[in-house]
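Note sheet for the following structure.
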Amino acid sequence: MATTSIPHRWKYDVFVSFRGDDIRKSFMDHMFNDFKQKGIHVFRDDIELPKGEEISPQLSKAIEESRFLIVIFSKNYASSSWCLRELVKILDCKQMGKPKHEVQIIFYDVKPDVVRKQTGSYAGAFAKHDVSNRTEVGQWKEALSMAANLSGWDLQDMTNGFESKFIDSISREILKKLCDGTLHVGENLVGIDIHFDKLDLSRFIGSDKVNMIGICGISGIGKTTLAKAIYNLMYDHFEGSCFCEDVKEIPTRGGLIQVQLHMIGKIMKIEDLKISSVGEGIMVIKKMMSTKPILLVLDNVDDHEQLEALASSPDWFFPGSLVIFTSKYKQLLRSHKVNELYEMETLNDYIALELFSLYAFGKRHPTEDFQEVASQIVKYLQGHPLALKVFGRLLYDKSVYVWKSELDRLQTYPNSEIVQKLRPSFDSLASDQKIMFLDIACAFIGENKDFAASVLDTCHCSANAIIEVLADKFLITVSADCLQMHELIQSMSWEIIREEFRHNYRRLWISAADYDVLNVNKVTEEVEVLVLLLKRNCQNIPIDGQALTRMKNLRILKICFPEVEGRWQQFTVNISGRLDLLSYKLRLLHWHGLPLKFLPSDFYPENIVTIDLSYSHIKHLWTTPKCFMRLKFMKLRYCCYLTSTPDFSKITNLKELTLEGCENLVKVHPSIGMLKKLVVLNMRNCKRLKSLPSKLEMVSLQILILSGCLKMEKLPEDLGKIKSLTKLHIDRTSITELPFELDRLQTYPNSEIVQKLRPSFDSLASDQKIMFLDIACAFIGENKDFAASVLDTCHCSANAIIEVLADKFLITVSADCLQMHELIQSMSWEIIREEFRHNYRRLWISAEDYDVLNVNKVTEEVEVLVLLLKRNCQNIPIDGQALTRMKNLRILKICFPEVEGRWQQFTVNISGRLDLLSYKLRLLHWHGLPLKFLPSDFYPENIVTIDLSYSHIKHLWTTPKCFMRLKFMKLRYCCYLTSTPDFSKITNLKELTLEGCENLVKVHPSIGMLKKLVVLNMRNCKRLKSLPSKLEMVSLQILILSGCLKMEKLPEDLGKIKSLTKLHIDRTSITELPLFDQQESFRSRWWTSIRGPFGLQSKQQHPQRSISMEGLHMLKSLNLSYCNLVQVPVSIGGLSCLEDLYLVGNNLFEVPESIGGLSCLKELNLAWNNLSEVPESIGGLSWNNFTSLPESLRQLSHLKILRLDNCKKLEVFPELPARLYFVSACHCTSLSSVTGSSKDPMMINTSSFLSNYPKLLTNFAIESQVSTSETECLDSYITSQGSTNEFSSFLRDACIQNNRCEFFRFPGSFVKEMEIIYNGNSIPDWFTNKSMGNNVKVELPSDWCLDKFKGFGTCVVFKQKNTLQHVYCYLKNFDGALLQGWCVNSIEISESYRICLLYTRDTKVWKYAKNFVKLCFGENYDHGGCGYFYEDKSIEVKECGVRLICDEGYEGIWKMSMLQDLPTLSQHGGAINLYGRRGYIRSSW
């Protein structure tokens, strides 16, 4: 259950129930004033509510939202039915106890006995009530007696009648309890709800066990903030609570005793307790904490001693208690054996930008001028909350120049406040851990973990062990087996390296500005790590060869270009002086672009682990064999001078060899074939290489890539013997035939691999082996609990065995589904084949083996039959007698695994009679069963699941079957099924699916008695008219009736099912919508008399009685689409947990004001409605007769998705909620204006999709006051009526107000691209590079600089056979490599030729551009392994053009018209599209 189901925080401190005529102007006036002075927020009905006879929903809600409920008994209290109903409601709230209200009774001028026994004035009052025949009298009397028995305050006894003293005592007592509550968490708790939902906190309320959870994460990520927020949300659900803040900072001497005293005093309300030692405190805690459920938070613990002294074991606490720890040390909490470890993640970009903006701008999103630099800062800070706050405050009210300066500084020097927070985690490391942390920070971020460990391993310490420690302290993370480090921690590490550099020069981590330190006079022998980061456009980098020679302790040498992202950019490292020697201690040599043709003659680092000399000038590595026993990785990519490989005979542990792109390599040494530990051999694009060695003993080889070896004609025969091979790429070679042995790879598992995996299976117990093979046969991809329920027996627990199999890595559990590695599954099939040769216990049959299902080939021993039906396999033969013979069959699964949820017709022909199905069946899964009836003796009493989807079944059974273990029943798309069976004896059924049973007309009444049913899916049962009237499905959570076209009414009892979370009744004929709040009075609803979109004739307009559905307070998803609704019940606002509301395709003229009560709503879909108004109360205001979505819509704080497409009467677009992520409002043709920040149609921080709203565009144009000159400028291009204003408004949004190049000058604009499509046949003169045909070449300037490149425009003239087909455009580099691709949106234009103009500011991929680029139109790209272009013959490109926009070299360009010489936009039509960061706006004519 999501945290949203936890009752929200109190809205009021106090609610007072009193008789106004008795004490309003005296006692109550004084009390309210005293409350006000003390800051106690009290609900006052005389101010906030109108009078009435009945207690109103608003008053009822006020009682529920008040923490203290005070009842003041005066002489005439009982004479008011209003007061008595309040009393009943107050006591109901107290009894529910969720949340925990405190009820206080005051006896003003009556004694408790008068109230308890209803004597005196109370007797007279009830005499009058009796005369009125009030049905509630008995309930009122009981409530008075109950209230009088509660402890309370008596004015006369307590203060001898002195009212002011009495009021002061009451308010002080309340104030004390209010202060002893929530903690200050801070402002701007952005994203906290995400953590609440992930933790699912509601499960801890009312739990029957002690729950201990740990919250861990990097320093500054918000662990304490989250813990405080949880505490504030939940403390009043426990009988005692305590938050111990920053435990690690308490002084060691006597500190823990202070924490123990604070904890005991706060929870037990003891003030004078004395404890002399920690041990004594432990005994007191164990004794006192075991008496009641409590909430305890121990914040920032960092030592086991703290945990042992304060919360050593769950046994110390009372069941239902919740103990929360926060720490930055994951292993500390893990070793304390907490029930659950919650690792806090950094904020995503969207939430991070919101948090940063709140501190930097005082609002939720950046101002326009700062958008780009703000995004850059947020991206660098990587969602770290503390850093976002620090930099937000630092940059508040500063100029954009200061922002950019701070961003540059941030990337070089870390902020001291953030370092102070992060540094303790580093300081707590041991010396060897510190060394390895700094090595990783310097050289291994982004590298594979095992690769880094192999380099960093020493005889003194295990790198993997230290990496685990660093990960537990959140100094690094391991993602996809690669080492990662938060930018802020890496920045801190660089600062530490700088400090180190000032003393011992142990590490040189050198950026572009520091190349000069590589001088023989500046380096020492102590240097162990040298990392040189080459920057773009840095040519002729000087390195003193003697300086490198002098570094005799160098372990790691890494010279690389980190910004290239896998692509090479030419640069030169000049070595001055002789490089006589490279350190013998080198373990990593990574030098991209090494300018030497030969390594130094004495190069012999015997412990070298990796050599990467990619892109270098190297011609030969060594001429005599080198004994590098630890060398595992060797990369020589794009070494264009390399002609042959060295001798590998003494490099026996090499695992990976990459020679990709060595175009002049003609010979590989024969020893390469003897590399028995080699796993990867990549020789892609070695274009002159003709062959591999004939003798191959690479028994570990898994990946062999020979793609693009154009001259290679033959593979060695020995290749077929390499049984470990899993990936072979020989595309774009001259190879014409494969070795014979390769044909076996797909069908049968490799014997060597099976030999390696088999011991894990052999070590299993017999019952574990059985279940493993069952899972391999029938349950891969299935839900774990589903599989366990089928496989459970009285002799063994399936869940326990599944856990054993997972521990042995034979299976994995992912997203609660069972998975198995393909090699292990392949091994299991081989075991099943072996078994099949002996006892036929399992038949796992693929397409080619159907013939084994013959009565002469099967035996009684068969327990599992899985028949995998393949596509296009028709008329599959099965002998009915063979199935009858399988008397021990437990699992029968006949399915079509390749369909992926779609049905493909096939036929299973049963020859002979099928007289019997095994009585031992536990799973019957037969898609497309050709029988109309099950065998008459069908009675497998232990059956767990029946799935006969797509079958010909007409009836299942006519008399009740006692299937006590049956939990799952699926009869999807059984088109012959007309009625359901009797379920009266199937009491444990959890899921029943009848989706698509089009001829089902009757469901048995017993379906309503299925008390354990959780899911009932009857989607598209088109002929079904009703459900049973009596429903006792107390566990039902999901009810789907979508598409039940003839269903007109919901059962009355449905409203009593309190467990329901999902109700879909879209596309039905239901005419009585539920009234969701019991206290809501009946409302009239009117239905349209038009025919609905699904051909449903709606009822004539008349009022209908609503069904009371007060029990559905847990509903999360409600779909009322396509029901011809005109109005939605007011009572829908009572669904406080509702997250998704779908009202698509109705005829709504209003939505009730109460929708504002949907505080958890995440998605609201009102598309395809004739909507003209939505209520003001979505945000709490109250308007009448409006024709717009109100500004208060923005107060739906959880709303993420809003859909308003085709709401053709909607006139005003609202101010949007701050956290709205997606909005779509296409074809709102009456939309004429927007309010607030929504005036930016690109919806700055929202994925927005808007099109076809002519009135709005016209108004935008008018509002922008397009000048006469601008309009005249455009008039020459636009002649069609109404296009001028529309076109002008688009240009305004694209920053082209004067029809010129401002579009490229304003990086803050939220429009990234503009596209114009219209009829025409020639390129405008603005485009400087033109060419006939489908491509145009653009030479890059000699001083090409990406920083000065602002964007480009393209134009293409084309025609196509299919006017709705996309035209693809590609940007290619000088070498033909694909840089970027996009497509032209299609529109219907009557003329043969059309023109597409595209202007874009997207320049990211141009950083790879070199020499020249080529733009190609009308081609398609094969995204497969080969990745080649081919001509699209359905498109004819006449001409194309392009223009690049740069700061320099284009004097006067900013004054030039982008639309110069643009032909007339004729009546033949066209379109204008603007694309923003996440969405688009479109208009066409």
Side-chain angles (χ1 to χ4, degrees), residues 455 518 530-532 534 539-545 547-549 551 554 556-561 564 566-584 586-606 608-628 630-651 654-672 675 678 680-689 709:
V455 175
L518 292 176
L530 169 59
V531 177
L532 174 58
L534 302 169
Q539 304 291 331
N540 302 318
I541 301 144
I543 295 180
D544 191 326
L548 286 175
T549 300
M551 299 178 193
L554 195 64
I556 296 170
L557 172 58
K558 190 169 185 178
I559 299 177
C560 59
F561 202 143
V564 179
R567 293 173 183 253
W568 175 246
Q569 179 165 327
Q570 189 62 43
F571 59 89
T572 305
V573 176
N574 292 323
I575 299 179
S576 60
R578 287 174 57 83
L579 176 57
D580 299 317
L581 183 71
L582 280 171
S583 166
Y584 294 130
L586 265 181
R587 299 172 67 84
L588 181 147
L589 172 58
H590 182 133
W591 191 332
H592 283 177
L594 174 73
L596 303 177
K597 291 189 176 180
F598 307 97
L599 290 173
S601 56
D602 289 337
F603 178 75
Y604 213 106
E606 60 182 357
I608 192 86
V609 175
T610 181
I611 296 174
D612 186 346
L613 301 178
S614 298
Y615 309 100
S616 72
H617 294 192
I618 206 81
K619 190 172 182 181
H620 297 295
L621 284 104
W622 46 80
T623 51
T624 57
K626 300 281 187 181
C627 185
F628 294 142
R630 298 193 62 173
L631 184 60
K632 294 182 179 180
F633 308 94
M634 198 166 180
K635 295 184 180 181
L636 301 167
R637 297 171 66 239
Y638 296 96
C639 293
C640 296
Y641 298 92
L642 189 69
T643 57
S644 62
T645 65
D647 188 332
F648 296 98
S649 56
K650 294 185 179 181
I651 309 176
L654 195 66
K655 292 177 66 177
E656 184 177 332
L657 176 60
T658 302
L659 297 162
E660 180 178 352
C662 295
E663 296 185 354
N664 291 302
L665 183 69
V666 293
K667 183 182 178 182
V668 293
H669 196 276
S671 59
I672 203 172
L675 294 172
L678 193 69
V680 178
L681 176 56
N682 182 354
M683 307 184 79
R684 186 193 304 272
N685 291 329
C686 293
K687 298 179 180 179
R688 297 183 63 192
L689 185 66
C709 295

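Everything numeric here is computed off the predicted structure, so don't read it as measured data. Here, residue 1 is the first one in the sequence, and each next residue gets the next number.
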Over 12 non-hydrogen atoms of neighbours within 6.0 angstrom of NZ in Lys626: yes

Leu554 to Leu557 - nearest heavy-atom pair and separation: CD2-CB, 3.9 Å

Closest non-hydrogen atom pair, Cys662 against Leu636: SG-O, 2.9 Å

side-chain contact (heavy atoms from CB on, under 4.5 Å) evaluation trace for Leu613 with Leu599: CA-CA 10 Å; Leu613 301 178; Leu599 290 173; 4.2 Å; yes

Shortest non-hydrogen contact between Cys639 and Ser614, atoms and distance: SG-CA, 4.2 Å

Rounded distance (nearest 0.5 Å) linking atom CZ of Phe633 with atom CG of Asp612: 11.5 Å

Nearest-0.5 Å distance, CD1 of residue Ile611 to CD1 of residue Ile651: 7.0 Å

Sole residue of Thr658, Thr645, Leu659 in side-chain contact (heavy atoms from CB on, under 4.5 Å) with Met683: Leu659

Worked verdict on Leu657 versus Phe648 for side-chain contact (heavy atoms from CB on, under 4.5 Å): CA-CA 11 Å; Leu657 176 60; Phe648 296 98; 3.8 Å; yes

Whether Tyr615 and Tyr638 hold their rings parallel, tilted or perpendicular, with breakpoints at 30° and 60°: parallel

Gap between atom CD1 of Ile559 and atom CH2 of Trp591 - 0.5 Å precision: 4.0 Å

Closest approach of Leu621 to Pro646 (non-hydrogen atoms, all atoms of both residues): CD1-CD, 4.1 Å

Steps toward side-chain contact (heavy atoms from CB on, under 4.5 Å) verdict (Cys627, Glu606): CA-CA 7 Å; Cys627 185; Glu606 60 182 357; over 6 Å; no

Value rounded to 0.5 Å, distance of CG in Leu642 from CD1 in Ile618: 8.0 Å

Ring geometry between Phe628 and Phe603 (parallel below 30°, tilted from 30 to 60°, perpendicular above 60°): perpendicular

Closest heavy-atom pair and its distance - Leu579, Pro600: O-CG, 3.7 Å

ring-ring contact (aromatic ring centres under 6.0 Å, His included) involving Tyr641 - partner list, sequence neighbours excluded: His617

Set of salt bridge (Lys or Arg N to Asp or Glu O under 4.0 Å) partners for Glu660, sequence neighbours left out: Arg637, Arg684

NE2 on His669 to CG on Leu675, rounded to 0.5 Å: 11.0 Å

Qualifying residues under salt bridge (Lys or Arg N to Asp or Glu O under 4.0 Å), relative to Lys558, sequence neighbours excluded: Glu447

Separation of Lys632 NZ from Glu656 CD (nearest 0.5 Å): 12.5 Å

Nearest heavy-atom neighbours spanning Leu689 and Lys667: CD1-N, 4.1 Å

Residue of the set Leu588, Leu586, Ile556, Val455 for which side-chain contact (heavy atoms from CB on, under 4.5 Å) holds with Val609: Val455

